[in-house]
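Before any comments, here is the structure.
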Amino acid sequence: MPEGPSILLMKDNLSQFVGKKVLEAAGSSIPDKKQLVGKILKEIRLYGKQTYLILDDCCIRIHLLMFGSYEVDEQTKPDKNLRLALSFKNGKAYFYTCSVKLLPLDILKTIDWEADVMSDIWNPEKAKQKLKASPDMMVCDALLDQEIFSGVGNIIKNEVLFRIGVHPESVTGHLPAAKLNALISEARIYSFDFLKWKSNNTLKKHWQAYHQKTCPICGKPLTSKITGKSKRNSFFCETDQKLY
DNA sequence: AACTTTGTTAGCAA
DNA sequence: CTTGCTAACAAAGT
């Protein structure tokens with residue numbers, strides 16, 4: 001169940017199969033397994049929450065959506081949820097309850113890789129331009145917009161807004177320059193904190209706002225509210241997060 | 001046991 | 001044809 005950082009961990013787990021040949025394919029998402037068998041997994045590339053398994057002449061796009069999961073080597077989950085399984089000589093990869101689509105390699109050229117907040121080529125200036133182009137958008141929606149902050153999900157949204165002291169229903173066009181910059185930089189910084197804490201199983205322990213009862217700064221109760229066009233839950237402090 | 005949820009998209013109305 | 005909204009869908013944890 002994945003936001004961007006969790007997908008990065010998945011990529012690490014799958015990297016042992018890069019350069020290896022697909023010996024066998026299974027699962028409900030790919031009707032014609034022959035398209036995959038015999039192909040080499042050339043590279044794994046991420047775009048936010050999307051994973052591209054790049055083969056010789058096509059690629060597989062995997063999105064775990066809300067409830068998807070994966071396993072390496074051993075299948076412990078039921079076949080009915082199995083969307084894709086790939087066998088290599090050194091092990092197997094299983095993907096459950098997710099979106100799996102076989103696509104032409106051309107699709108890779110259409111992706112704005114610089115929009116991925118965890119990418120080496122993340123482009124904060126470009127994000128700023130996109131935000132300025134939508135000055136009426138609420139910040140809670142802006143952070144979840146995968147065209148602007150690819151990889152950010154609801155947890156990252158809430159923690160970033162708490163860290164920078166901005167109310168989720170603030171409008172991007174009203175943010176002072178310093179807050180706008182903080183929004184953009186913290187989206188990346190928190191994502192890497194998420195990655196670090198997720199890896200050592202202490203993610204929940206570090207939540208300051210998401211699903212928390214009281215504000216760690218002032219001790220008052222946090223507000224929980226469905227916000228913005230995205231209609232996702234926001235957890236925030238009315239005192240310490242300013243509405244712009 | 002009912003409710004929630006780390007997300008997206010098909011489908012339809014305007 | 002585009003924009004915007006809602007419903008649908010998924011499965012595991014609380």
Side-chain angles (χ1 to χ4, degrees), chain A residues 1-13 27-29 46-52 60-71 75-85 94-103 107 110-112 115-118 130 133-138 140-163 168 171 186-213 222-236:
Chain A
M1 303 164 184
E3 297 191 20
S6 304
I7 302 302
L8 198 51
L9 290 172
M10 176 169 85
K11 182 187 171 185
D12 289 344
N13 277 313
S28 59
S29 291
L46 302 183
Y47 174 64
K49 300 161 192 166
Q50 303 180 357
T51 302
Y52 290 87
I60 307 170
R61 184 187 65 196
I62 298 172
H63 196 308
L64 297 186
L65 301 171
M66 191 90 97
F67 308 116
S69 59
Y70 71 99
E71 292 179 311
Q75 180 182 356
T76 68
K77 304 193 178 194
D79 265 352
K80 74 174 166 73
N81 296 333
L82 185 66
R83 301 289 172 265
L84 176 67
Y94 305 86
F95 302 92
Y96 306 93
T97 326
C98 54
S99 161
V100 175
K101 193 161 187 190
L102 195 60
L103 294 165
I107 201 82
T110 67
I111 295 170
D112 178 13
D116 183 337
V117 296
M118 301 194 75
K130 291 174 187 170
S134 305
D136 299 330
M137 205 186 319
M138 284 185 183
C140 59
D141 290 326
L143 277 167
L144 292 177
D145 188 326
Q146 301 299 297
E147 311 255 309
I148 307 177
F149 295 104
S150 185
V152 170
N154 205 32
I155 295 173
I156 297 174
K157 176 194 85 178
N158 279 295
E159 294 298 312
V160 165
L161 291 174
F162 179 81
R163 282 185 169 190
V171 174
E186 205 61 46
R188 179 173 169 89
I189 294 169
Y190 180 78
S191 292
F192 281 98
D193 283 338
F194 184 127
L195 175 67
K196 177 178 64 187
W197 292 327
K198 178 84 182 176
S199 331
N200 65 13
N201 251 330
T202 60
L203 180 63
K204 293 187 184 182
K205 196 180 87 182
H206 288 93
W207 285 339
Q208 297 189 93
Y210 184 75
H211 274 286
Q212 301 307 297
K213 288 280 168 280
L222 291 177
T223 301
S224 164
K225 183 184 180 188
I226 303 294
T227 55
K229 293 184 178 172
S230 49
K231 296 201 166 67
R232 302 296 303 278
N233 210 344
S234 289
F235 301 84
F236 57 97

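Computed from a prediction, not measured in an experiment: that's the story for all the values here. Chain letters run A, B, ... following the sequence lines, proteins first, then strands; residues in each count from 1.
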Would you say [X] reaches [N]'s phosphate, i.e. side-chain N/O to OP1/OP2 under 4.0 Å?
{"X": "A:H211", "N": "B:dT5", "answer": "yes"}
{"X": "A:N81", "N": "C:dA10", "answer": "no"}
{"X": "A:R232", "N": "B:dG7", "answer": "yes"}

Separation of [N] [atom2] from [X] [atom1] (nearest whole Å):
{"X": "A:K157", "N": "B:dT8", "atom1": "NZ", "atom2": "P", "result": "13 Å"}
{"X": "A:L65", "N": "C:dA7", "atom1": "CG", "atom2": "C1'", "result": "16 Å"}
{"X": "A:L82", "N": "C:dA10", "atom1": "CG", "atom2": "P", "result": "16 Å"}
{"X": "A:Q50", "N": "B:dT9", "atom1": "CD", "atom2": "P", "result": "7 Å"}
{"X": "A:F95", "N": "C:dA10", "atom1": "CZ", "atom2": "C1'", "result": "18 Å"}
{"X": "A:I62", "N": "B:dT8", "atom1": "CD1", "atom2": "C1'", "result": "16 Å"}

### Message
Check whether A:S28 reaches the backbone of A:L82 with its side chain - one donor and one acceptor, N or O, closer than 3.5 Å.
### Response
yes
### Task
Examine distances only and state if a side-chain atom of A:N158 and a backbone atom of A:N233 form a donor-acceptor pair shorter than 3.5 Å.
yes
### Query
Tell me, do A:K157 and A:F149 make a side-chain contact under 4.5 Å, heavy atoms counted?
no
### Message
Does any part of the side chain of A:Y47, heavy atoms only, come nearer than 4.5 Å to the side chain of A:Q146, both counted from C-beta?
### Response
no
### Task
Using a 4.0 Å heavy-atom cut-off across all strands, classify A:K231 as base, sugar-phosphate, or nothing.
sugar-phosphate
### Point-to-point distance, once rounded to the nearest 0.5 Å, from CG of A:D193 to NE2 of A:H206
8.5 Å
### Any-strand Watson-Crick or G-U partner of C:dA10, both distances under 3.5 Å
none
### Message
Side chain of A:K229 only, heavy atoms from C-beta on: which candidate in B:dG7, C:dA11, C:dC5 is closest?
### Response
C:dC5
### Query
Among C:dT14, C:dA11, B:dT8, which is the nearest nucleotide to the side chain of A:K80?
C:dA11
### Message
Return whichever of A:K204 or A:R83 has its heavy-atom-nearest nucleotide of DNA chain C closer to the 5' end.
### Response
A:R83
